[in-house]
Structures are given as structure tokens and as C-alpha cells.
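Residue numbers count from 1 along this sequence. Note that ligands are numbered from 1 as they come in the structure, with each ligand's atoms numbered from 1 the same way.
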Amino acid sequence: MCGIVGYVGFREAYPILIKGLHRLEYRGYDSAGVATINEDGKLSVFKAKGKVQQLEEFVNDKDVSGTIGIAHTRWATHGEPSNINAHPHCSETESLALIHNGIIENYAVLKVELQKQGFTFQSSTDTEVLVQLIEYIKQLNKCDLFTAVQLALNQVVGAYAIAVIEKNNPDRIIAARKSSPLVVGVGAGEFFLASDASPIVEYTQKVIYLDDEEIVIINRDEEPKIVTLLNVEKTPEIKELEMNLSQLERGGYPHFMLKEIFEQPETLKNCMSGRINVEGTNVTLSGIIDHKDKFRFERI
Ligand code: GLU
């Protein structure tokens with residue numbers, strides 16, 4: 001599971017988002033992408049296979065202005081690493097852009113249902129299914145984005161940290177998590193979002209850690225609001241970050257080597273999740289599945 005960064009405030013979002021992605025590079029990833037909404041309400045999405053630097057080179061001559069945006073580093077679980085499969089993913093009408101860490105386990109069933117409703121898909125990811133589901137629910141119920149996200153996540157089985165922005169509302173990020181970390185940074189007149197505190201710590205020490213099955217509504221110039229999947233409102237608990245940037249990067253360990261040694265169990269767990277199914281009878285390695293006829297073994 002890889003990296004999430006979000007920003008809404010008074011500064012240009014893109015430099016903050018890119019810096020945040022660089023801070024999350026230590027997690028490993030195969031592609032990166034960014035979405036911003038500019039002051040004319042234009043939603044721009046750029047993504048590139050490879051390193052964050054390749055994304056920066058690609059975006060170099062493009063318009064990424066805007067004071068709201070989301071960005072992602074992907075570690076492919078569903079679909080090969082490619083420009084199309086990289087996040088953010090957009091909904092059919094290109095009004096929503098979504099980034100996602102984790103795995104939507106029931107994505108195949110949901111995709112078939114959406115295809116029956118006329119939705120088409122560009123990528124092979126589970127993530128695109130989620131953003132289309134949110135749009136479908138939004139259209140069907142004529143509800144706002146928060147309600148659509150809440151209803152959609154109630155249909156989803158799996159692990160996720162997500163962030164969504166909407167072309168028609170350039171003042172709001174909706175984010176949610178289950179079994180994948182997400183933290184909101186509370187600045188003065190600005191908010192940050194990230195999968196860990198390292199992209200946030202240089203801007204603010206005030207953070208809100210989301211709990212499982214919580215959705216946060218981050219509106220420009222308003223206190224963040226937290227509501228659970230079961231529609232219970234929670235009072236956001238603002239905590240003080242006790243670490244500085246260099247400690248965060250080393251996760252509190254005195255050396256990177258110690259950090260890597262102690263992170264091995266978690267890294268192995270992340271590496272396996274989404275690749276071994278819950279019954280434990282099957283392993284899906286998306287990188288080799290297209291070439292499996294070339295392998296001669298039947299069992300490992
Ligand atoms: N399952 C998603 C994908 O394959 C997200 C992977 C991630 O956590 O980066 O695109």
C-alpha cells in the first residue's frame with residue numbers, strides 16, 4: 001500500500017503535493033499521479049509510470065495551478081504498473097478524481113454491476129471501480145459527494161485509504177480509511193492529508209489520525225468533520241506531533257538500517273496483502289499473471 005497526499009488551503013497545491021510524494025518515496029512504488037482543480041473549476045489529472053521525478057518532468061509544461069489537490073504513489077495490486085493504471089482515477093463524467101491505497105476485494109462483482117449500468121472502464125484497477133461506484137450512487141440518489149462516498153464504502157469489502165475531489169466543489173476533499181492509515185494536518189487556514197505524517201510535519205504539528213471506517217470532510221475555511229460509515233458523527237481529536245522531520249523519516253529509529261530491520265514484518269505483510277486471498281488457497285501476482293503460460297512449474 002502506497003502513498004497519499006492531499007492539500008486544500010491558500011497556497012498553490014502542486015509544489016506541496018510533489019514534495020509530499022517525495023517524502024513518501026521510501027515506501028516504494030511503481031507510478032505516481034496528481035490532480036488539482038484550478039480557479040476556473042478545471043480538474044487536471046496527470047500521471048506517469050516510474051518515479052515522482054518522471055511525473056514532474058511530464059507535468060513541467062502543463063497547467064497544474066489550484067489551491068486544492070490530491071496526489072498518489074501507487075504500488076500495483078490490480079493491473080500492471082502503467083500510466084493508465086496509475087492514480088488518480090476519474091469517474092465516467094470526469095467530475096470526480098480519486099486516489100486509493102489498498103485493495104477493494106469485491107471489485108469484480110461491483111464492476112460487472114456498473115458495466116450493466118453502462119459504465120466503461122479504462123484501467124484494470126480496483127480503484128477505478130470505486131470512483132465509478134461513487135459517481136453512480138451520486139447520480140442515482142442525487143446526493144452530495146460525502147453521502148455518495150459513505151454509501152459506496154458501505155458496499156465495499158477490503159482495505160483502503162482514499163481521497164476524492166470533485167470538479168464542481170473546489171473547496172472540499174473527502175477522505176476515508178479502513179485498515180490503511182490516513183492523517184489530516186491542521187494548519188492555519190489550510191489542511192493537509194497524507195498516509196503518514198512525513199509530508200505534513202514541516203507545515204504543522206497539529207494532526208488528526210483517522211480511525212477505521214471514518215470519513216473526514218475537509219472543507220476550506222472550516223474545521224474538519226468526521227462521520228463514520230454508520231453515520232455517527234465523531235469529534236475530531238487534534239493531537240500534537242511529537243516528532244520532527246528527521247525522526248519521522250527514520251520512524252524514531254537512530255539509523256535507517258535499524259528502521260529497515262524492524263520494519264521487515266510489516267513490509268512483508270504489506271507485500272503479501274491483496275496477493276494471497278482470504279481462504280489462503282490462491283496467490284495472485286499481477287506482475288506475472290499475463291505470462292503464466294511461460295512458467296513450467298505447477299506448484300511452489
Ligand atoms: N489496488 C490499487 C491499485 O492496484 C492501489 C494500490 C496501492 O495501494 O498503491 O491500483
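- The shortest separation from a heavy atom of G102 to ligand 1 is under 4.0 Å, placing the residue in contact.
- Of the charged side-chain nitrogens involved, at least one lies within less than 4.0 Å of a carboxylate oxygen, so that K116 and E113 count as a salt-bridged pair.
- Within the 4.0 Å heavy-atom criterion, both parts of T77, backbone and side chain, lie near ligand 1.
- Using a 4.0 Å cut-off to heavy atoms of R74, the atoms of ligand 1 that qualify are 3 (C), 4 (O), 9 (O), 10 (O).
- Applying the 4.0 Å criterion to heavy atoms of N101 picks out, from ligand 1, the atoms 8 (O).
- Across G69 and I173, no two heavy atoms sit closer than the pair O-CD1, 4.0 Å.
- Taking the six-membered ring for Trp and thresholds of 30 and 60 degrees, Y253 and F262 have nearly parallel ring planes, at less than 30 degrees apart.
- If you check the side chains of E135 and S95, you find a donor sitting under 3.5 Å from an acceptor.
- A donor-acceptor contact closer than 3.5 angstrom is absent between the side chains of T125 and R74.
- The distance from ligand 1 to the heavy atoms of W75 drops below 4.0 Å at these ligand atoms: 6 (C), 7 (C), 9 (O).
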